[in-house]
> 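Before I ask anything, here is the structure I am working with.
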Amino acid sequence: MELHNKSEVVVHAPGTVANLVCGFDVLGLCLHEPYDIMRVRLLDEAKIIITSVDGYQLPTDPKQNTAGAPLIEMLIEIGGTKGFEVIIEKRIKPGSGIGSSAASAAGAVVAANHLLGNIFSKEDMVRFAMFGEKVASGVKHADNVAPCIYGGVTLIRSIHPLDIITIPTPDLYVTVVHPQIEVRTSDARQILRKEVLLKDAIKQWGNIGGLVAGFIKNDVELIGRSLEDVIIEPVRSMLIPGFDEVKKRCKQAGALGGGISGSGPSIFMLSTTEHTAKQVEAIMIEIYSNMNLAHHTYVTTINKTGVTIQP
Ligand code: HSE
């Protein structure tokens, strides 16, 4: 994508792993790969034009588009007569569980904010980007858009009011497998039970606290034993063929742990070395090849920058 003048910008909007196993809707991390490429142009009239150049047939009506909806909210807030044209080259497949909708939303708001002279804070941009998640899943949540905008690992302590905490992390490797089935986030949310048992809640908040402490203290064993989800994973994993085998064998191969990425079907594993991360990838490939299920894998690291403006 070529940059033509100063009223245009190109951004790379990376994938993210939401939930981080135990932290449903509150934890997420940013990946280096894959990422979407978006070109955004400032217009002198109050309208939003969405064009996709990837063949995914996503809605181009801005109200229905995950990049368009946040920009509508941004324009309402600034008033006046500015608008944006957004050209999206999606490389993160929609419905993959690695934050495809969040990448479009976060990429659009970071690019638009840059073109407006950075008048909004990162927290403001998350607030706008959540409107894209509402379009995609029916509910606002920030566990993909926040790490996509801030980079690294983020904890969403609250969305009303918005309270985002960035969590320092060790330099871990992330292996992701995306079996080529589509799980819609809205469906994966609808199947969840609306109530949890107190004994399960106690385990879950122990693990969330343990995971956050493990990241901050650089305690990889604590990270590993905190990657446990007794509430969401037992329900959602039924939608993902091979889930139990992938998890068991990757941990045997030395991964710290992992689980469903976002609402699935992707599965992620954290490792301390590239060697282990690649062994984990080989296991994932073997399992899905044996099942004759097409799949993509990524071996990447935690992206501590988030959406980047391209020079
Ligand atoms: N926290 C969300 C979910 C992430 O698991 O439904 C998916 O976008």
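Order of appearance sets the numbers: ligands from 1, and atoms from 1 within every ligand. Counting from 1, the numbers follow the sequence of the chain as shown.
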> What heavy-atom pair brings T300 and H32 nearest, and what distance separates the two atoms?
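So the minimum-distance heavy-atom pair works out to OG1-CB, 3.2 Å.
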> Do the side chains of L155 and W205 join up, straight or via other hydrophobic residues, at under 4.5 Å, putting them in one cluster?
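No, L155 and W205 fall in different hydrophobic clusters.
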> Taking only Lys NZ, Arg NE, NH1 and NH2, and the carboxylate oxygens of Asp or Glu, determine whether K203 and D200 approach each other closer than 4.0 Å.
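Answer for the salt bridge query: no.
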> Cation-pi check for F131 against K140: NZ or CZ below 6.0 Å from the six-membered ring centre and within 45 degrees of the axis, yes or no?
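Yes - K140 lies over the ring of F131, closer than 6.0 Å to its centre and within 45° of its axis.
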> Counting heavy atoms only, which of L192, N144, V26 comes nearest to atom 7 (C) of ligand 1?
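Heavy atom nearest to atom 7 (C) of ligand 1 belongs to N144.
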> Please classify the D25 to ligand 1 contact at 4.0 Å (heavy-atom distances, strictly less than): side chain, backbone, both or neither.
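D25 to ligand 1: contacts from backbone and side chain alike.
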> Counting each atom of ligand 1 from 1 as listed, which ones have a heavy atom of R236 under 4.0 Å away?
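Within the 4.0 Å cut-off of R236, ligand 1 contributes 3 (C), 5 (O), 6 (O).
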> Evaluate E133 for polar contact with ligand 1, using N/O atom pairs at a separation under 3.5 Å.
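No; the residue has no nitrogen or oxygen that sits under 3.5 Å from a nitrogen or oxygen of the ligand.
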> Where does N19 meet ligand 1, judged by heavy-atom distances below 4.0 Å: at the side chain, the backbone, both, or neither?
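The part of N19 near ligand 1 is the side chain, not the backbone.
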> Give the atom numbers and elements of ligand 1 that come within less than 4.0 Å of a heavy atom of D143.
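Contacts of ligand 1 toward D143, numbered from 1: 1 (N), 2 (C), 4 (C).
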> Check whether Y150 forms a cation-pi arrangement with K122 (NZ or CZ under 6.0 Å from the six-membered ring centre, at most 45° off the ring normal).
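Yes, K122 sits over the ring of Y150.
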> Output the list of atoms in ligand 1 that are nearer than 4.0 Å to some heavy atom of F24, sorted by atom number.
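With F24 as reference, the close atoms of ligand 1 come out as 3 (C), 5 (O), 6 (O).
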> Which ligand 1 atoms are under 4.0 Å away from a heavy-atom of R189?
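Ligand 1 atoms under the 4.0 Å threshold to R189: 1 (N), 2 (C), 3 (C), 6 (O).
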> Taking only heavy atoms of A18 into account, list the atoms of ligand 1 that are under 4.0 Å away from them.
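Once the distances to A18 are compared, the set is 4 (C).
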